[in-house]
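A short write-up of the structure that comes next.
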2 protein chains.
Amino acid sequence: MSTTTLTVPVTVAEHQACPATVVLRRAGEKWPGLILSLLRDRSYGYNELDRAVEGLSRRVLTRTLRTLERDGLVSRTVHEGRPPRVEYALTGLGRSLQEQLRALALWAVEHDGEIRAARARFDGA
Amino acid sequence: MSTTTLTVPVTVAEHQACPATVVLRRAGEKWPGLILSLLRDRSYGYNELDRAVEGLSRRVLTRTLRTLERDGLVSRTVHEGRPPRVEYALTGLGRSLQEQLRALALWAVEHDGEIRAARARFDGA
DNA sequence: CGGGATCCTTTTAGATACTG
DNA sequence: CAGTATCTAAAAGGATCCCG
């Protein structure tokens with residue numbers, strides 16, 4: 001059994017360079033988590049994603065997909081033909097991350113009541 | 001055994017209101033994750049945190065602590081005396097979230113190489 | 001259909017100075 | 001010691017128009 005030691009970075013540079021920080025920040029962005037959730041069930045075309053997610057602008061959708069692709073989380077496959085179709089799907093790495101994010105999402109849903117209660121208490125006082 | 005179904009919100013409003021989104025966004029902010037990591041081992045005083053985290057401005061530190069406190073993740077205890085001391089510590093809820101975030105951080109560290117390789121591939125092409 | 005380019009608004013973070 | 005107030009900078013998100 002292997003033990004992984006996770007040291008806490010304390011300087012700005014270390015913190016910013018830490019892979020954990022980078023992943024957390026990416027996950028905390030507005031759309032990537034939602035895109036990864038959708039792709040969990042099946043692959044999507046570009047406009048299909050655009051329609052599936054109301055309120056997401058094409059600029060941001062494109063930027064989000066490029067970033068996910070660059071990080072190896074999502075694959076982009078071009079199918080020639082009429083009309084052309086570009087297919088986005090989770091990679092193995094993407095699926096792996098999606099599962100981690102899902103665990104965090106489940107935590108959030110489970111503890112939502114506690115958080116709301118804490119806020120009510122704080123705001124009341 | 002209970003089954004929790006996690007539906008994917010598709011509209012902007014749903015997505016923004018979803019507790020999972022809120023938690024992810026908070027976790028993705030620049031400092032909360034680091035603060036929670038530090039508090040995992042022991043409690044800290046205000047200036048102690050300020051010194052421990054190089055490059056974090058007091059304004060942001062205060063705001064971060066207030067938010068964590070409001071969400072019930074961190075407790076703030078005032079010890080009267082000379083000099084006065086305010087002690088910040090994880091609550092049970094905070095500890096619970098910290099463990100989740102730690103799991104994600106471990107994932108990030110484990111898969112950092114894959115992500116970097118994917119980026120190199122993408123940038124090369 | 002599947003984008004890229006340009007311009008603008010909102011959100012988040014940081015610098016600096018001051019206070020009970 | 002433990003903050004607050006004010007102001008500025010940077011990053012994320014969005015609207016709109018154009019193109020192969």
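Note that the structure is predicted; figures quoted are calculated from it, not measured. Reminder, nothing fancy here: chain letters follow the sequence lines and each chain counts from 1.
- Remark: B/Glu14 pairs with B/Pro9, B/Thr11 by the side-chain contact (heavy atoms from CB on, under 4.5 Å) rule, at least two apart or across chains.
- A/Tyr88 has a side-chain polar atom (N or O) that falls below the 4.0 Å cut-off from OP1 or OP2 of C/dG3.
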Pair up each side-chain donor or acceptor in residues 73-80 of chain A with any protein partner under 3.5 Å, not counting sequence neighbours, and list the distances.
| residue | atom | partner | partner atom | Å |
| --- | --- | --- | --- | --- |
| A/Ser75 | OG | A/Ala89 | O | 3.4 |
| A/Arg76 | NE | A/Tyr88 | OH | 3.3 |
| A/His79 | NE2 | A/Glu87 | OE1 | 2.6 |

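- Atoms CG (A/Leu49) and P (C/dG3) sit 10 Å apart, rounded to a whole Å.
- For the helix from C/dC1-D/dG20 to C/dG20-D/dC1, the axis fitted to the five pairs at one end and the axis fitted to the five pairs at the other end meet at an angle of 50° (nearest 10 degrees).
- Within 4.0 Å (heavy atoms only), B/Arg66 reaches sugar-phosphate atoms of the nucleic acid but no base atom.
- Rounded to a whole Å, the CG atom of A/Leu61 is 14 Å from the P atom of C/dC1.
- The CG-C1' distance, from A/Asp50 to C/dG4, rounds to 15 Å in whole Å.
- A straight line from OH of B/Tyr44 to P of D/dA2 spans 14 Å, rounded to a whole angstrom.
- For the pair A/Glu80 CD and D/dG20 P, the computed distance is 17 Å after rounding to whole Å.
- Residues B/Val60 and B/Leu56 approach most closely at CG1-CD1, 3.6 Å, considering heavy atoms.
- Across all strands shown, A/Arg26 has no heavy atoms under 4.0 Å from either base or sugar-phosphate atoms.
- The ring pair (Phe, Tyr, Trp, His ring centres under 6.0 Å) contacts involving residues 94-113 of chain A comprise A/Trp107-A/His111, where partners must be two or more places apart or lie in separate chains.
- Between A/Glu69 and B/Arg119 there is no salt bridge, since no side-chain N of the basic residue sits under 4.0 Å from a carboxylate O of the acidic one.
- As a whole-Å value, the separation of A/Arg85 CZ from D/dG20 C1' is 20 Å.
- One atom, CD of B/Glu48, and another, P of D/dA2, lie 9 Å apart when rounded to the nearest Å.
- Considering A/Val22, A/Val23, A/Thr21 in turn, A/Thr21 is the only one that fulfils the side chain to side chain contact (heavy atoms under 4.5 Å, CB included) rule with A/Arg25.
- Side-chain contact, B/Arg85 with B/Asn47: no donor N or O sits under 3.5 Å from an acceptor N or O.
- Contact annotation for B/Thr62: base contact, defined as any heavy-atom pair under 4.0 Å involving a base atom.
- The two residues B/Leu93 and B/Gly72 come nearest to each other via the heavy atoms CB-O, 3.7 Å.
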If the sugar-phosphate is the primed atoms plus P, OP1 and OP2 and the base is the rest, what is the B/S/- string for nucleotides 11-20 of chain C, using protein heavy atoms under 4.0 Å? --SBB-----

Extract all donor-acceptor atom pairs below 3.5 Å that involve side chains of residues 27-40 of chain B and protein atoms in other chains or at least two apart in sequence.
| residue | atom | partner | partner atom | Å |
| --- | --- | --- | --- | --- |
| B/Glu29 | OE2 | B/Arg26 | NH1 | 3.4 |
| B/Ser37 | OG | B/Gly33 | O | 3.0 |

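- A/Tyr46 has its OH atom 6 Å from the P atom of C/dG3, to the nearest Å.
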